Amino acid sequence: MVEAFAVASGKGGTGKTTTTLALGMALARRYDVTVVDADTGMANLLFHAGLADAPVTLQDLLAPDASGPDGAAVDVADATYERHGMRVVPCGTSLAAFERSDPARLREVVAELAADTDVLLLDSPATLASKSAVLPIVLADRVVVVTQPTIPALSDALKVQEYAASYGTGIAGVLFNKVRGDLGSVGDQAERYFEGSTLGSVPDSDAARAARDAGEPLLAHAPDSDAAAAYRAAAAGIDPEPKAAGDVADRFRSAVVPERP
Amino acid sequence: MTGEPDAHAAAPIRERLPDGDLVGARVAADFAAPLARALDDRLTGYLRLEPGDALLGVGGSEAVITVESGVPVLAYDAGNAGADADDADGPAALAALAGTTPVRVERYRLPAEALASLHDTEVEGSDPFRVAPGAPARELAGDDALAERTREAAPAERRDAAGDHDALAAFLADEERVEAVRREARAEARARAEEWDLGDQLAE
């Protein structure tokens with residue numbers, strides 16, 4: 001079985017990468033989880049996951065000849081790292097490699113990963129302004145919408161939902177992140193407008209910043225923090241639906257080709 | 001303070017704000033620049049904001065955010081003459097203003113004592129107008145760093161003002177407004193799908 005989730009926010013700065021890794025680690029207690037940095041233009045998952053020195057990343061797989069830094073041929077397994085109970089596929093940050101990369105190859109990489117996991121989490125770009133940024137939302141089964149409790153962030157979260165609905169992609173739920181104080185009635189009010197449930201409210205936390213600086217996912221760095229507990233509770237509200245791995249892989253394989261960046 | 005508040009003190013803030021000296025005016029693409037400018041200049045006075053729809057002659061709305069040493073204190077929105085929206089105060093004024101860029105911003109300076117009575121937390125009638133120091137930067141500009149910088153610049157007693165989510169609650173209570181955001185996003189999604197050759201991926 002496999003279900004592909006895009007973790008998306010529309011707006012930057014909502015803590016999407018922290019969220020992707022936290023949900024991944026929490027879900028990894030029950031499922032085989034693979035996390036992919038699909039934000040190839042502004043990759044930062046590698047820093048959060050302690051993979052800044054990873055010798056081979058998604059960027060190498062997206063190169064036309066799929067070769068690593070030393071020129072040797074690489075495949076998906078070479079860019080997949082076992083970390084914190086899950087598989088992590090980071091993306092590099094080299095501008096030259098980004099310019100050389102062929103985004104169409106992302107479909108093949110994700111299709112291959114989908115064949116061998118239960119839950120696929122795609123850390124999506126923080127924008128809806130380009131075809132490749134929207135692609136994870138187009139291809140995923142459902143979207144986990146991450147938002148801060150502010151008007152601009154929630155407006156963008158609503159936009160993500162409408163983009164998802166336009167492509168027939170479901171909503172797994174809405175997660176409020178970086179919350180100061182009590183959310184009050186906002187969670188209930190928001191639920192009226194979103195398809196999925198409100199997955200939870202993660203408090204604004206110095207622990208999340210410290211985890212990022214330490215190159216560790218929050219759930220590994222500060223497992224006893226309030227924020228970590230909130231993420232675990234949110235993950236419990238996501239119930240992956242079994243799908244035939246082949247169908248999901250085929251969907252990615254036959255997906256539209258994004259424009260060159 | 002003892003006895004009945006006098007009639008003057010109980011009058012709405014918008015009727016009691018004295019006219020300040022205009023120190024600058026410009027049309028801004030977003031709210032971050034004028035809010036940052038007020039903070040950097042430690043402006044005491046108010047920002048008079050005329051949102052895009054008013055600039056285009058559609059409505060007649062204007063809003064005011066008072067500032068003390070660059071930190072927002074009170075806000076009101078005089079509604080939109082073109083629609084049936086009512087005046088809004090405090091967090092609801094921020095909700096009404098959100099997303100209305102471009103915005104014409106006029107900066108007015110006032111002597112601190114001219115604002116002292118309006119900004120006094122003990123003054124009758126000022127409470128509904130009050131906003132958290134970082135709320136305009138967060139709710140109008142979506143700028144966390146500026147919001148934090150503003151909060152830190154606020155006097156200690158205002159730094160941890162409650163009501164962080166009041167503006168969002170006011171926004172979510174306005175069903176028509178939320179539906180308008182969703183409707184525009186749906187139209188945008190479909191238009192862009194065609195533009196990006198994703199038309200055949202669209203759901204029925």
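Per chain, numbering begins at 1; letters A, B, ... match sequence-line order. Only heavy atoms go into these numbers, but all of them, side chains included; no hydrogens, no water, no symmetry mates. All of these numbers come straight from a predicted model, not from anything done at the bench.
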Undergrad: Measure the shortest side-chain to side-chain distance between F194(A) and L154(A) over non-hydrogen atoms and say whether it is less than 4.5 angstrom.
TA: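 They are in side-chain contact.
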
Undergrad: Between chain B and each of G168(A), S155(A), A190(A), S166(A), count heavy-atom pairs under 4.5 Å; write down the option with the most.
TA: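 Greatest number of close heavy-atom pairs with chain B: S166(A).
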
Undergrad: Please look at V138(A) and chain B and tell me whether the side chain, the backbone, both or neither of the residue comes under 4.5 angstrom of a heavy atom of that chain.
TA: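 Only the side chain of V138(A) comes within 4.5 Å of chain B.
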
Undergrad: Quick check on the interface: out of L158(A), D182(A), L183(A), who has the most heavy-atom pairs with chain B under 4.5 Å?
TA: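 Going by pairs under 4.5 Å, I would pick L183(A).
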
Undergrad: Pick from Q189(A), R192(A), K11(A), K159(A): which one has the most heavy-atom pairs with chain B under 4.5 Å?
TA: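 Among Q189(A), R192(A), K11(A), K159(A), the one with the most close pairs to chain B is Q189(A).
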
Undergrad: So, are D40(B) and R37(B) salt-bridged, with charged N and O less than 4.0 Å apart?
TA: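 Result for this pair is no, no salt bridge flagged.
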
Undergrad: Mind telling me whether F129(B) and Y76(B) have parallel, tilted or perpendicular rings, with 30° and 60° as the class edges?
TA: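 Correct class here is perpendicular.
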
Undergrad: Given that the side chain runs from C-beta out, which part of S185(A) has a heavy atom under 4.5 Å from chain B: side chain, backbone, both or neither?
TA: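 The side chain, not the backbone.
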
Undergrad: Any non-hydrogen side-chain atom of C91(A) less than 4.5 Å from a side-chain atom of L45(A)?
TA: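 Side chain of C91(A) against side chain of L45(A), heavy atoms only: no contact under 4.5 Å found.
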
Undergrad: Let me confirm one number: the CZ-CG distance from R151(B) to D144(B), rounded to the nearest 0.5 Å.
TA: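 Between R151(B) CZ and D144(B) CG, I get 12.0 Å after rounding to 0.5 Å.
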
Undergrad: Check whether A153(A) gets within reach of chain B through its side chain, its backbone, both or neither, counting any heavy atom under 4.5 Å.
TA: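 Contact with chain B involves no heavy atom of A153(A) at all.
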
Undergrad: Below 4.5 Å from any heavy atom of chain B, which atoms of D156(A) appear? Answer side chain, backbone, both or neither.
TA: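 Neither part, no heavy atoms under 4.5 Å.
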
Undergrad: How about E175(B) and Y193(A): does a side-chain donor come under 3.5 Å of a side-chain acceptor?
TA: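 Checked: E175(B)/Y193(A) side chains show no N/O donor-acceptor pair below 3.5 Å.
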
Undergrad: Side chain, backbone, both or neither: which part of E195(B) has an atom under 4.5 Å from a heavy atom of chain A?
TA: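 Answer is neither: E195(B) stays 4.5 Å or more from chain A.
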
Undergrad: Picking from L140(B), D166(B), L198(B), which has the most non-hydrogen pairs under 4.5 angstrom with chain A?
TA: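 Going by pairs under 4.5 Å, I would pick L198(B).
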
Undergrad: By a 4.5 Å heavy-atom criterion (distance strictly below it), what part of V160(A) contacts chain B: side chain, backbone, both, or neither?
TA: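 When you check distances to chain B, no heavy atom of V160(A) falls under 4.5 Å.
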
Undergrad: Looking at Q161(A), R180(A), K178(A), which one has more heavy-atom pairs under 4.5 Å with chain B than the rest?
TA: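 Among Q161(A), R180(A), K178(A), the one with the most close pairs to chain B is R180(A).
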
Undergrad: Does any backbone or side-chain atom of A135(B) lie under 4.5 Å from a heavy atom of chain A? Answer side chain, backbone, both or neither.
TA: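 Contact with chain A is absent: no heavy atom of A135(B) under 4.5 Å.
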
Undergrad: Regarding T17(A) and D123(A), do their side chains bring together a donor and an acceptor under 3.5 Å, going by distance alone?
TA: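 Checked: T17(A)/D123(A) side chains pair up, N/O donor to acceptor below 3.5 Å.
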
Undergrad: Under 4.0 Å between a side-chain nitrogen and a carboxylate oxygen: does that hold for R192(B) and E188(B)?
TA: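 Looking at E188(B) together with R192(B), the answer is yes, because their closest N to O distance falls below 4.0 Å.
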
